[in-house]
Amino acid sequence: GLPSGWRRGDDELRQDRQRRRAAAAADRGRPATAVAAEPETPLGRNRDFNLLWTGDAVSSLGTQISAIAYPLLILAATGSAAKAGLVGGSVLIGTLLTLLPAGVVADRYSRKRIMVITSLVQMIVVATVVPAVATHHVYIAHLAAVGLIQGAAVAFYVGANRGSVRRIVPTTQLRTAQARIQGREQASSLLGPPVGGLLFGLARFLPFAFDAISFGAIAVAASLLRTPLDPVRDPDEVREPIRRSITKGSRYLLADPYLRTVVTWAAAINFIAPGMLLMVIVLARSRGATSVEIGSLLSINAACGLAGAFGAPRMIKLFGGRNLSLITSWLLPCCAVGIAFAPSIWLIGALGGLTTFTVMPVSILLLSRATQITPDELQAQTGNALRLFATSLSWLGPPGFGALADMIGARRAILIAAGLYAVTAIWLQANRSLRDVDEEAVSPQPAPEQTGEGQTSPQPAAPEQAS
């Protein structure tokens, strides 16, 4: 169980959440004249959402372009796969170490300012790679430091971005907004690697120059947002020290049965899926697949994810959220078994693409509801805690399944993954908290008054860890 101090804090959070929901429900029951109902702007005409989405799209594409260029650069300079992994791992380490404190900062201080500062920080540190590559002075310590700083900046940015989306997009449109955000990420994953490889072939510094410029683009987009992005606060509110607030988002997450379900499911899938991807590559290579064919398999997977993201609202409406979640959970072990015994690499690609196509709408469904039921002042803290817990096991998948493949072969390792997927499906089938996922979410906090640029939260100096 949880420590007694945490349980008392959880009880307070739960009672506060119940009071918010009861107040919102009471508002819905009042006569139409009691609550002013303003027509919602369609998401396609929501200026600030489209501005932020476009800036993030450019930045995400730049990140994917440089993500393929970093290992190519290090392998060309040193020939060491281990050093390439060290640089890639430094980004993850920087993010994981700062997610919780970054969430507190993003909920307390100006979200717009945090997004601008962290984007500029990433633009500057990535820009330092350009002259290093152009002059052939590539050092692993430099690249690892760039990755570490980028990872920390990402932790602050994603917390502020999540809270900003919650303020910009009405509750009823969050699911559609999340679908477009996930579609953007899948499109970047599809386009980034080939574009990055092409730019690297033309001149090795070009992918990093593009990435630096892309961070400048999101900094400009964030600075142009008009909607007040920060939670409405009581001016007399006394804030507890940041150190004592670091676990607040984690406690809120662990106290809510639905959020616990989401983070447990995500942690399990994020542990198994990267290992499965490695096993698919190993299995395809053992079947004689060329590098081009393996790259095509990955492109098929990304394309199916893109299709699943854009088709998510219709699929959720057609099947229902709970039913779609369960169908997907059972498809995962079934398709894994099919991959293990597939006679053709293209059948392997089709089965993998099918699971990605259905996982994407489920991810959108679960994350959008998590955003809906989380109070505005805890968006960044809870979102960063969810991200931390959901990815905490992802680094174990590739080395773990890689070791299994060395000992018992890729096919048997895939069957073990299928068994783990099946256990996850059985657990989700019996989970009661998933039963209300199709209910209309009640906003845990009344919609903020749009009074212009006035903010109730103080405007601080740049956060200490923003770099």
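The chain is numbered in sequence order, starting from 1.
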Chemist: Quick one: do Tyr157 and Asp56 satisfy side-chain hydrogen bond (donor to acceptor under 3.5 Å, both in side chains)? Show the steps, please.
Modeler: CA-CA 11 Å; Tyr157 181 85; Asp56 278 331; 2.5 Å; yes

Chemist: As a quick check of understanding, evaluate side-chain contact (heavy atoms from CB on, under 4.5 Å) for Leu393 and Leu396, giving each step before the final call.
Modeler: CA-CA 6 Å; Leu393 300 178; Leu396 289 172; 3.9 Å; yes

Chemist: Taking all atoms of both residues into account, what is the closest heavy-atom pair of Gly183 and Leu306, and its distance?
Modeler: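 It is O-CD1, 3.1 Å.
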
Chemist: Using every non-hydrogen atom in the two residues, find where Thr424 and Ala268 come nearest and quote the distance to one decimal.
Modeler: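 The answer is OG1-CB, 3.8 Å.
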
Chemist: Quick one: are Leu120 and Phe215 in side-chain contact, heavy atoms under 4.5 Å?
Modeler: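 When only atoms from C-beta onward are counted, Phe215 and Leu120 do not touch, as no gap falls below 4.5 Å.
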
Chemist: Ignoring hydrogens and geometry beyond distance, is a side-chain donor-acceptor pair present between Asn270 and Thr391 at under 3.5 Å?
Modeler: no

Chemist: From the options Leu253, Leu99, Val262, select the one residue that forms a side-chain contact (heavy atoms from CB on, under 4.5 Å) with Phe389.
Modeler: Leu253

Chemist: Before accepting this row, confirm whether a basic side-chain N of the pair Asp376/Arg167 lies closer than 4.0 Å to the acidic partner's carboxylate O.
Modeler: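 Arg167 and Asp376: salt-bridged.
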
Chemist: Determine whether the side chains of Asp211 and Ser66 contain a donor N or O and an acceptor N or O closer than 3.5 Å.
Modeler: yes

Chemist: Are Ile218 and Leu52 packed together at the side-chain level, in the sense that at least one heavy-atom pair is separated by less than 4.5 angstrom?
Modeler: yes

Chemist: Within a strict 4.5 Å, meaning less than it, do heavy atoms of the Arg47 and Leu51 side chains meet?
Modeler: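 The answer is yes, as the side chains (C-beta and beyond) meet within the 4.5 Å cut-off.
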
Chemist: Judged by modelled atom types alone, do Thr374 and Thr382 share a side-chain donor-acceptor pair under 3.5 Å?
Modeler: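 No, no side-chain donor-acceptor contact under 3.5 Å.
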
Chemist: Strictly by side-chain hydrogen bond (donor to acceptor under 3.5 Å, both in side chains), give each pair with a member in residues 348-361 just once, sequence neighbours left out.
Modeler: Asn301-Thr356

Chemist: Evaluate Met115 against Ser164 for side-chain contact (heavy atoms from CB on, under 4.5 Å), listing each step before the verdict.
Modeler: CA-CA 10 Å; Met115 288 192 291; Ser164 299; 3.4 Å; yes

Chemist: Can you check whether Phe271 reaches Leu420 side chain to side chain, under 4.5 Å on heavy atoms?
Modeler: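 Yes, side chains in contact.
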
Chemist: Can a donor-acceptor pair be found, under 3.5 Å and without considering hydrogens, that links the side chain of Arg175 to the backbone of Leu365?
Modeler: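 Looks like no, no N/O pair under 3.5 Å.
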
Chemist: Are Arg387 and Thr95 linked by a side-chain donor-acceptor pair shorter than 3.5 Å?
Modeler: no

Chemist: For Ser299 and Leu190, run side-chain contact (heavy atoms from CB on, under 4.5 Å): C-alpha distance rounded to whole Å, both residues' side-chain angles, the deciding distance at 0.1 Å, then the answer.
Modeler: CA-CA 6 Å; Ser299 296; Leu190 181 63; 4.2 Å; yes

Chemist: Listing request: all salt bridge (charged side-chain N to carboxylate O under 4.0 Å, His left out) pairs with a residue in residues 396-412, at least two apart in sequence or in separate chains.
Modeler: none

Chemist: Run Thr264 and Trp427 through side-chain contact (heavy atoms from CB on, under 4.5 Å) and show every step you take.
Modeler: CA-CA 10 Å; Thr264 303; Trp427 167 79; 3.7 Å; yes

Chemist: What pairs of residues pass the side-chain hydrogen bond (donor to acceptor under 3.5 Å, both in side chains) test when at least one of them lies in residues 128-149, not counting sequence neighbours?
Modeler: Thr128-His142, Thr135-His137

